[in-house]
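In this text the structure is predicted, and so the values were computed from the model without any measurement.
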Amino acid sequence: MSIIKLNTSKEDKEFIDGLMNEPVLDIELKDLDFAYKSRKKEFPVLEDISLQIKGSQLVSILGPNGVGKSTLIHCMNKILEPTGGAVIINDHDIKDISIKDLAKIMGYVPYSSVDNFPLTVTDTVLMGRHPHSKWGSLDDDLRIVYDMLCLIGIEDLADRNFNELSAGQHQKVMLARGLAQEPRIMFLDEPTSNLDIKYQLEITKILRRLSREKNMLVIMISHDINIAAKYSDNIIMMHDGGVYAIGKPQDVITAENIKHVYDVNAKVIVDEGRPHIIMIDDDDTDYDNDHEYSVVASKSGVTYKGP
């Protein structure tokens with residue numbers, strides 16, 4: 001005899017509240033596969049990935065374009081459904097958790113925002129409260145929104161229109177919106193892309209700080225190996241749809257791994273206990289002596305000239 005049990009709303013709430021109140025949330029992937037399907041064939045992206053991420057920390061996912069980094073986090077937060085295997089949070093398969101309930105546990109900041117409507121920053125961040133919204137909760141939601149703006153240090157932007165901000169300010173607002181969900185796990189897809197070095201460092205340091213202060217597991221995709229190596233607690237390096245290396249930055253960021261995964265020669269030095277890569281140019285052509293060149297600029301009557 002088959003038995004089908006439907007959880008009541010009270011049971012759902014108790015289940016989610018129980019997860020939210022766990023001291024630590026861990027993620028486990030068991031034999032995870034994902035393939036895009038057409039009518040004629042499958043296109044595998046991820047194959048047989050098994051790993052565990054335990055504790056509140058900042059984890060960076062590295063790897064060249066096309067190895068499945070975004071697909072991996074989309075399977076982990078249920079944007080995509082794996083074609084095989086499972087994603088487990090504290091012994092619970094996420095396939096048994098509704099999208100709305102999962103949004104109370106997980107936050108997500110995508111690669112880029114398509115929000116071009118003239119919403120204020122406050123209204124944009126308020127959208128992150130949707131999973132928790134209920135009748136009469138607006139005052140509490142606005143308080144949380146303001147707290148998140150202060151946490152990121154952008155409370156002065158509260159009344160500005162989102163579509164009038166700089167790229168760095170955009171990224172901070174989107175981070176505040178993700179945090180307004182009050183998640184225990186935060187996924188970010190290249191949060192420092194298209195930002196200047198100042199904002200890259202600011203955003204990454206904020207993420208590391210949040211993992212400690214908010215007891216949060218933060219998982220981000222990054223293309224900046226040196227910034228990831230400097231601030232991450234652990235690194236996942238992907239290659240050909242799978243995990244090639246995983247562990248502490250000093251164990252993963254090696255010249256051998258960079259060569260194998262990126263097909264680039266690099267020298268790895270250690271700075272304050274963290275690895276730092278320096279690219280090696282195999283082309284020994286001396287272009288400096290090949291032709292004459294110069295740059296000239298002036299400001300307030302003063303001329304500046306380079307060689």
Side-chain angles (χ1 to χ4, degrees), residues 45-55 57-73 111-112 167-168 171 187-212 217-295 306-307:
V45 179
L46 304 175
E47 295 184 280
D48 195 26
I49 294 180
S50 295
L51 60 85
Q52 292 180 319
I53 305 175
K54 293 181 174 290
Q57 57 175 309
L58 173 59
V59 178
S60 290
I61 302 176
L62 302 179
N65 292 330
V67 296
K69 300 185 297 298
S70 296
T71 301
L72 179 64
I73 65 172
Y111 170 70
S112 62
Q171 203 63 20
F187 295 98
L188 305 101
D189 195 343
E190 297 188 46
T192 61
S193 63
N194 302 319
L195 302 182
D196 62 40
I197 186 64
K198 175 184 177 182
Y199 282 122
Q200 290 182 42
L201 293 173
E202 279 188 8
I203 293 293
T204 310
K205 286 191 286 187
I206 286 172
L207 293 174
R208 184 179 62 173
R209 175 166 56 86
L210 289 173
S211 70
R212 273 67 168 173
L217 173 56
V218 181
I219 301 174
M220 74 169 185
I221 294 172
S222 177
H223 275 297
D224 194 308
I225 300 173
N226 284 329
I227 289 181
K230 185 173 181 63
Y231 294 108
S232 301
D233 296 296
N234 280 290
I235 300 284
I236 298 171
M237 183 176 283
M238 296 186 65
H239 179 64
D240 285 346
V243 175
Y244 181 77
I246 187 170
K248 299 294 183 184
Q250 58 268 31
D251 297 324
V252 174
I253 308 300
T254 66
E256 294 77 14
N257 288 348
I258 296 297
K259 176 61 178 177
H260 185 92
V261 171
Y262 291 92
D263 194 23
V264 169
N265 291 319
K267 177 170 64 175
V268 178
I269 63 174
V270 177
D271 179 47
E272 297 182 352
R274 296 277 180 157
H276 183 91
I277 70 167
I278 300 173
M279 297 302 175
I280 297 175
D281 187 358
D282 296 324
D283 186 353
D284 59 1
T285 303
D286 188 357
Y287 291 102
D288 288 345
N289 295 324
D290 196 32
H291 63 283
E292 294 185 0
Y293 58 92
S294 66
V295 292

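Contacts of E202 classified as salt bridge (charged side-chain N to carboxylate O under 4.0 Å, His left out), with partners at least two apart in sequence or in another chain: K172. For S70, the side chain to side chain contact (heavy atoms under 4.5 Å, CB included) partners are H74, D189, I221, not counting sequence neighbours. A search for ring-ring contact (aromatic ring centres under 6.0 Å, His included) contacts involving H223 returns nothing, not counting sequence neighbours.
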Cut-off 3.5 Å, no hydrogens considered: what does the side-chain donor-acceptor table look like for residues 263-273, sequence neighbours left out?
residue, atom, partner, partner atom, Å
D263, OD1, K259, NZ, 3.3
N265, ND2, D282, OD1, 3.4
N265, ND2, D282, OD2, 2.7

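Taking CG of L72 as the start and CG of L46 as the end, the distance is 6.0 Å to the nearest 0.5 Å. The structure places CD1 of I258 at 12.5 Å from CD1 of I278, a figure rounded to the nearest 0.5 Å. Note: K248 NZ to N234 CG = 4.5 Å, rounded to the nearest 0.5 Å. The structure places CD1 of I49 at 9.0 Å from CD of E47, a figure rounded to the nearest 0.5 Å. How far CD1 of I227 is from CZ of R274: 13.0 Å, rounded to the nearest 0.5 Å. The CG atom of L58 sits 7.5 Å away from the OG1 atom of T204 when rounded to the nearest 0.5 Å.
Counting only distance, with no hydrogens or angles, the side chain of D251 and the backbone of I246 share no donor-acceptor pair below 3.5 Å. Counting only distance, with no hydrogens or angles, the side chain of K69 and the backbone of P64 share a donor-acceptor pair below 3.5 Å.
Across all their heavy atoms, Y231 and R208 have their closest contact at O-CD, 3.4 Å. Between Q171 and P191, the shortest heavy-atom contact is CG-O, 2.9 Å. Of all the heavy atoms in K54 and Q57, the pair that sits closest is O-NE2, 2.7 Å. Between A229 and P275, the shortest heavy-atom contact is CB-O, 3.5 Å. Taking all atoms of both residues into account, the shortest heavy-atom contact from I235 to A228 is CD1-O, 3.9 Å.
For the side-chain contact (heavy atoms from CB on, under 4.5 Å) test with V218, the passing option among V59, L188, I206 is L188; the others fail.
Residues in residues 230-239 take part in these salt bridge (Lys or Arg N to Asp or Glu O under 4.0 Å) pairs, two or more places apart or across chains: R212-D233. Applying the ring pair (Phe, Tyr, Trp, His ring centres under 6.0 Å) test to residues at least two apart or on different chains, the pairs with a partner in residues 253-275 are H239-H260, Y244-H260.
Side-chain contact check for V261 versus L62: every heavy-atom pair is 4.5 Å or farther apart.
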